[in-house]
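In what follows, a structure is listed as structure tokens, so that the remarks can point back to it.
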Amino acid sequence: MGRNLQSGLRLRPVDLAREHGLSTQAVRNYEEVGILPAAARTPHGYRGYTPLHAAALRAFLALVPGHGHATATAIMRAVNEGATEEAFRLVDESHAQLLDDRRTLRAVETALRDLDPAPVRPREAGAGANAPAGGSVAGVGPSPDVWSAKVVRPSPAGGSAQAAGPVGTFIGPLARQLGIRPATLRAWEDAGLVRPRRDPRTGYRVYEEADVRDARLAHQLRRGGHPLEQIAALIAQVRAAGGLEPLAATLAGWHGRLTARGRALLAGAAELEAYLRARG
């Protein structure tokens, strides 16, 4: 079959291009980078393509939606160089990545279902806010709540307290609310799970609303046995979506994209198999 495809009908670049709405220059470029096998030349230097080249082009264009342009190119180059095992390895990597993405989506959905929706409870501005490790301030004793209040710092001269600006809480109250040690929050910060800002005057960590959200999500996932590396990836998804509610609203679309990618991988595999058969 491969011999018939290579020695049969002669095709011009425009014949290959027209089928897919491409330019003839694109077809020539694909040949130059190894996506298509080298074409024979006429005595006048014109390229002479065959149905085998048409099959290669169909395979490449079918591979792109599922694998991406770079990986699809690498797959076709490997096939055309006779390195089919390398081509199969690249195909396997794309399927493995899709499986990882599905697992990530499942973990995000589980975390969103299980995460306690109780909001952070606000206090009056300054109430207990300048106790970075959790001590009582101005007669206010320790509380299991996260103190979401305007951060207060002492004045440089030791006078009355001054407001530090945005709403936030310190490491001690947040750790107590979660039932963990402050050292755990510092370890999560090192792993990229939380990103508290530093008060410019005191250097204390200040956890704002998004940081508290990330800490609660990290706490839930750690209790579920998820490794820090996976949690960091999940929290990155939450941040990219702009929060838990926007992320939840995008999950259906996420499912749809993964399904489309899975079907694209199948379609690409079918055309790649047809090309491998054509090569003989």
Side-chain angles (χ1 to χ4, degrees), residues 68 70 93-94 96-123 129 132 144-151 164-200 202-262:
E93 282 190 353
S94 292
Q97 181 61 59
L98 178 60
L99 180 58
D100 284 345
D101 290 346
R102 289 191 185 281
R103 287 171 174 162
T104 297
L105 173 57
R106 188 178 303 116
V108 169
E109 290 178 320
T110 300
L112 290 176
R113 283 196 304 269
D114 296 343
L115 192 63
D116 180 9
V120 175
R121 303 176 190 172
R123 286 180 175 257
D145 298 338
V146 173
W147 295 332
S148 179
K150 186 172 290 185
V151 176
V167 171
T169 187
F170 285 115
I171 193 170
L174 178 56
R176 286 200 306 277
Q177 195 267 348
L178 295 175
I180 59 177
R181 296 176 301 166
T184 300
L185 281 170
R186 288 191 285 268
W188 290 354
E189 181 180 352
D190 291 339
L193 307 187
V194 292
R195 301 184 297 192
R197 65 179 177 87
R198 293 281 186 156
D199 185 280
T202 66
Y204 296 152
R205 293 170 173 85
V206 180
Y207 295 82
E208 298 178 359
E209 183 178 357
D211 303 311
V212 173
R213 174 205 68 201
D214 295 344
R216 293 178 66 236
L217 182 55
H219 184 230
Q220 179 66 44
L221 293 173
R222 284 299 285 164
R223 289 176 60 188
H226 297 274
L228 293 180
E229 297 81 3
Q230 186 181 60
I231 296 173
L234 301 183
I235 290 178
Q237 294 285 345
V238 173
R239 290 172 182 155
L244 290 170
E245 290 186 5
L247 178 61
T250 65
L251 292 181
W254 194 351
H255 274 288
R257 289 191 296 274
L258 292 181
T259 297
R261 209 163 106 215

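These numbers come from the heavy atoms of this one structure, side chains and all, not from hydrogens, waters or symmetry mates.
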**Any side-chain heavy-atom pair of Ile171 and Arg186 under 4.5 Å** = yes
Would you give me the side-chain donor-acceptor pairs under 3.5 Å for residues 249-262, sequence neighbours excluded?
| unit_1 | atom_1 | unit_2 | atom_2 | d |
| --- | --- | --- | --- | --- |
| Thr250 | OG1 | Leu247 | O | 2.8 |
| His255 | NE2 | Glu109 | OE2 | 2.6 |
| Thr259 | OG1 | His255 | O | 3.1 |
| Arg261 | NH1 | Asp101 | OD2 | 3.0 |
| Arg261 | NH2 | Asp101 | OD2 | 2.9 |

**Asked** Where is the tightest heavy-atom contact between Leu174 and Ala215, given as atom of each residue plus distance?
**Response** CD2-CB, 4.1 Å
**Request:** Name the orientation class of the two ring planes belonging to Trp188 and His219 (parallel below 30°, tilted from 30 to 60°, perpendicular beyond 60°).
**Result:** tilted
**Fill in**
Shortest non-hydrogen pair, Ile235 vs Leu193, comes out as CD1-O, 3.6 Å
**Message:** For Arg181, give me all partners under side-chain contact (heavy atoms from CB on, under 4.5 Å), at least two apart in sequence or on another chain.
**Reply:** Thr184
**Prompt:** Is it the case that more than 12 heavy atoms not belonging to Arg198 sit under 6.0 Å from its CZ atom?
**Reply:** yes
**Prompt:** Can you name the one residue among Arg213, Arg197, Arg195 that meets side-chain hydrogen bond (donor to acceptor under 3.5 Å, both in side chains) with Glu208?
**Reply:** Arg197
**Item:** From CA spacing to verdict: side chain to side chain contact (heavy atoms under 4.5 Å, CB included), Arg102, Leu98
**Value:** CA-CA 6 Å; Arg102 289 191 185 281; Leu98 178 60; 4.1 Å; yes
**Item:** Shortest non-hydrogen contact between Ala232 and Ala191, atoms and distance
**Value:** CB-O, 3.9 Å
**Asked** Looking only at heavy atoms, which two atoms of Tyr204 and Phe170 are closest? And how far apart?
**Response** CB-CE2, 3.3 Å
**Complete:** In this structure, CG of Leu178 is separated from CZ of Arg223 (nearest 0.5 Å) by 10.0 Å
**Request:** Grab the two heavy atoms, one from Arg239 and one from Asp214, that are nearest each other, plus how far apart they are.
**Result:** NE-OD2, 3.1 Å
**Shortest non-hydrogen contact between Pro182 and Ala175, atoms and distance** = N-CB, 3.8 Å
